Structure formats: structure tokens, C-alpha cells
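Accompanying notes for the structure given below.
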Amino acid sequence: MKMKNMIATMTAVALSAFSFAAMTASAAVTEIAYNGPSEGALAVQDDGVSLRLNIFNEWGNNVKDIEKMTAVTDNVTITFTISGLGENNTNKDEAGNPTTPYQAFVCGSIGGAQSFNPGEVGNEAVAINGDGQYTIVWDLPNDSDQINCLLIGTNINIYQYGYEKDQPYDTCGLNITVDSIKTGVADETEPPTEAPTTEAPATTTAPATTTTTTSTTGASTTTTTGTTGTTGNAATGDSTGIAVALAGLTVAGAVALVSRKRK
């Protein structure tokens with residue numbers, strides 16, 4: 001194979017490997033289609049006072065704003081926006097003194113794991129500091145091909161926002177809007193190590209040398225003086241292209257390895 005053809009082939013392989021690795025990484029996270037909120041989505045927790053949003057709940061409810069037969073891998077990540085709180089960030093006692101700080105967390109039943117309180121099975125709570133957008137994550141112990149129940153839970157007391165018993169829950173003045181629901185992971189937990197770069201060998205010229213040859217024939221003497229030099233590079237062609245192609249393969253290989261392994 002000619003040198004130029006070899007370089008072109010190696011470069012093409014490097015670019016293909018890079019493209020495949022990038023595509024694989026981007027495909028690791030899946031967005032779950034959300035079709036809500038449907039009637040009855042806004043509700044309260046089992047304590048009867050704390051705000052929650054049903055996403056998929058057939059247990060005494062009829063909220064199916066995602067498909068039940070939805071595969072989940074590693075986690076469920078929900079980004080949502082809450083409004084109606086203003087700058088409030090804590091529940092209060094009857095005298096108006098702050099008590100428990102607001103928080104939100106993922107609730108539900110997936111892959112044999114159930115959790116309806118923060119910190120039970122990898123569903124760490126996030127602090128709610130007034131109106132705004134928040135992200136909560138449930139790190140699942142098992143992958144699953146279906147979601148049996150999924151909610152956004154909070155500890156926000158809706159009675160402190162003018163809610164009256166037996167009224168629709170959306171009359172409390174608070175609202176939760178789902179912005180996205182995702183599953184899976186995109187990267188390693190640790191940042192990738194930068195791939196080394198292979199540089200082409202430098203071209204050098206050896207120092208000149210002087211050679212003197214003396215021959216004696218009879219009475220006459222002949223002396224011949226010459227200067228020679230050598231050039232240090234690839235013996236059969238320019239090696240720069242090969243080095244560049246090899247560098248591309250090294251980078252592509254490094255990228256291909258940047259896919260987070262399951263804990």
C-alpha cells in the first residue's frame with residue numbers, strides 16, 4: 001500500500017472510532033416522554049398535608065402521564081419547576097416560626113424498589129428555596145423494564161398557602177410543572193484523562209565530516225579530501241502523516257473508553 005493511501009486509511013479509521021464513541025455516549029441518557037399533567041396529578045402525600053405531583057400512579061389514583069412499560073437504567077432524574085412559594089423555604093409552626101426546611105425527592109416503585117420518603121433507597125432530597133427549577137434523582141438498585149409508580153414528593157404544607165380541606169388541591173396556590181424526566185448516565189463519574197499526543201520525529205542533519213585518503217604509488221603521492229553529511233528522517237518517506245493518524249487513533253480510543261460503567 002502506498003504511504004499516502006495508508007495515512008488516509010488510518011485517519012478514516014480514527015475518525016470513525018471517534019464518531020462511534022461520541023454517538024454511544026450521547027445515547028446513554030434517555031428522555032422519558034411526559035404527557036401531563038392530567039386531572040388529579042397534583043395531590044398530597046399520605047400525611048394529608050404535604051404537596052406532591054403524581055406522574056404515574058394507579059394505586060388509588062388514575063394518573064398515567066408516562067407509559068408504564070418504560071425501561072429505566074441506573075436512575076430516574078426529574079427536573080421540575082415549582083411556583084407559588086415566593087421566597088418561602090420552610091414550614092412554620094402556629095406562631096409563624098420556621099420549622100422544617102422545604103425539600104423535594106423522587107417517590108415510587110421501580111424494579112422491586114419502593115421509596116416514599118427521602119433517603120430510603122437512593123432517593124436523596126434536594127432543598128427547595130422558593131420558586132424556581134430543581135432536579136431530583138433516584139439512584140435505582142436495579143434496572144427495570146417498567147415503572148409501577150412515580151411521583152414528585154415534598155414536605156411542603158399546603159394548608160399554609162390558603163388550602164381548605166375537601167377542596168381541589170390546585171386551589172392551594174402552589175404548582176409543580178415537570179420539565180423533563182430522564183434515565184441513564186452519560187459520562188464517567190471521574191473526568192476522562194487527556195489522551196497523549198504523538199508527535200512526528202524531528203528532521204535533523206548530522207554534522208559534516210571530512211575524510212582524507214592518501215595513496216602512494218612510487219614517487220608520487222595523491223591526497224583526496226571530501227565532505228559528507230546525513231539527514232535523519234524516515235528512510236522511505238515522510239513520517240509526519242503516520243504520526244498524525246496514530247494520534248487520531250489514540251484520541252479516538254480514549255474517547256471510546258469514556259462510557260460510565262454501572263456501579
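As the structure is a computational prediction, the values presented were derived from the model and not from experiment.
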Enclosure of Gln167 CD (heavy-atom neighbours >12, cutoff 6.0 Å) | yes
Heavy-atom donor-acceptor pair, Trp138 side chain to Phe105 backbone, under 3.5 Å | no
Check ring-ring contact (aromatic ring centres under 6.0 Å, His included) between Tyr159 and all other residues, then give those that pass, not counting sequence neighbours.
-> Tyr163
Among Thr77, Asp74, Asp139, Val29, find the one that has a side chain to side chain contact (heavy atoms under 4.5 Å, CB included) with Val185.
-> Asp74
Supply the atom-to-atom distance Cys107 SG to Leu150 CG, rounded to the nearest 0.5 angstrom.
-> 9.0 Å
For the pair Ile181 and Val76, evaluate side-chain contact (heavy atoms from CB on, under 4.5 Å) and give the outcome as yes or no after the intermediate values.
-> CA-CA 7 Å; Ile181 306 174; Val76 171; 4.1 Å; yes
Does Leu51 reach the side chain of Leu42, with side-chain heavy atoms less than 4.5 Å apart?
-> yes
Side chains of Gln146 and Asn148: donor-acceptor distance under 3.5 Å anywhere?
-> yes
Decide yes or no for Ile82 and Ile128: does some side-chain heavy atom of the first lie under 4.5 Å from some side-chain heavy atom of the second?
-> yes
Reported CD1-to-OG1 distance for the pair Ile32 and Thr70, which is rounded to 0.5 angstrom = 6.0 Å
Under a 4.5 Å cut-off applied to non-hydrogen side-chain atoms, are Ser180 and Glu31 in contact?
-> yes
Polar side-chain atom of Asn91 near backbone of Asn157 as donor-acceptor pair, under 3.5 Å | yes
Taking all non-hydrogen atoms of both residues into account, name the closest pair between Ile147 and Val72 and its distance.
-> CD1-CG1, 3.8 Å
Of all the heavy-atom pairs spanning Asn89 and Gly130, show the shortest one and how long it is.
-> CB-N, 4.3 Å
Side-chain donor-acceptor pair present, Thr135, Thr79, cut-off under 3.5 Å = yes
Does some side-chain heavy atom of Arg52 sit less than 4.5 Å from a side-chain heavy atom of Asn57?
-> yes
Identify the two heavy atoms, one from Gln45 and one from Gly153, that lie closest to each other, and give their separation to 0.1 Å.
-> NE2-CA, 3.6 Å
Report yes if some heavy atom in the side chain of Tyr169 is under 4.5 Å from a heavy atom in the side chain of Leu174; otherwise report no.
-> no
Is it true that the side chains of Asn123 and Ser115 contain a donor and an acceptor less than 3.5 Å apart?
-> yes
Counting only heavy atoms not in Glu39, do more than 12 fall under 6.0 Å of its CD?
-> no
Enumerate the residue pairs fulfilling ring pair (Phe, Tyr, Trp, His ring centres under 6.0 Å) with a member in residues 28-75, sequence neighbours excluded, ordered by first and then second residue.
-> none
Euclidean distance, Tyr134 OH relative to Tyr102 OH, rounded to 0.5 Å | 11.0 Å
Please say whether more than 12 non-hydrogen atoms of neighbouring residues, nucleotides or ligands are located less than 6.0 Å from CG in Asp47.
-> yes
Report yes if some heavy atom in the side chain of Ile176 is under 4.5 Å from a heavy atom in the side chain of Thr81; otherwise report no.
-> no
Has the side chain of Thr73 got a donor or acceptor atom that lies under 3.5 Å from a matching backbone atom of Gly184?
-> no
Between Leu151 and Phe116, what is the shortest heavy-atom contact and its length?
-> CD1-CE2, 3.9 Å
Can you check whether Ile55 reaches Val63 side chain to side chain, under 4.5 Å on heavy atoms?
-> no
Shortest non-hydrogen pair, Phe80 vs Asp179, comes out as C-OD2, 3.3 Å
Taking atom CG of Asn142 and atom CD1 of Ile110, what is their separation to the nearest 0.5 Å?
-> 11.0 Å
Taking every non-hydrogen atom, the tightest pair across Asp65 and Pro37 | OD2-CA, 3.6 Å
Show the numbers, then the answer: is there a side-chain contact (heavy atoms from CB on, under 4.5 Å) between Asn97 and Thr99?
-> CA-CA 6 Å; Asn97 299 313; Thr99 55; 5.7 Å; no
Is the CD atom of Glu67 crowded by more than 12 outside heavy atoms at less than 6.0 Å?
-> no
Rounding to 0.5 Å, atoms CG (Asp131) and OG (Ser83) come to a distance of 6.0 Å
Any donor-acceptor pair under 3.5 Å from Asn155 side chain to Pro101 backbone | yes
Looking at CD of Gln160 and OG1 of Thr90, how far apart are the two atoms once the value is rounded to the nearest 0.5 Å?
-> 8.5 Å
Between Val137 and Val106, does a side-chain contact (heavy atoms from CB on, under 4.5 Å) hold up when you go through it step by step?
-> CA-CA 7 Å; Val137 180; Val106 185; 5.9 Å; no
Asn61 side chain to Glu58 main-chain N or O, any donor-acceptor pair under 3.5 Å?
-> no
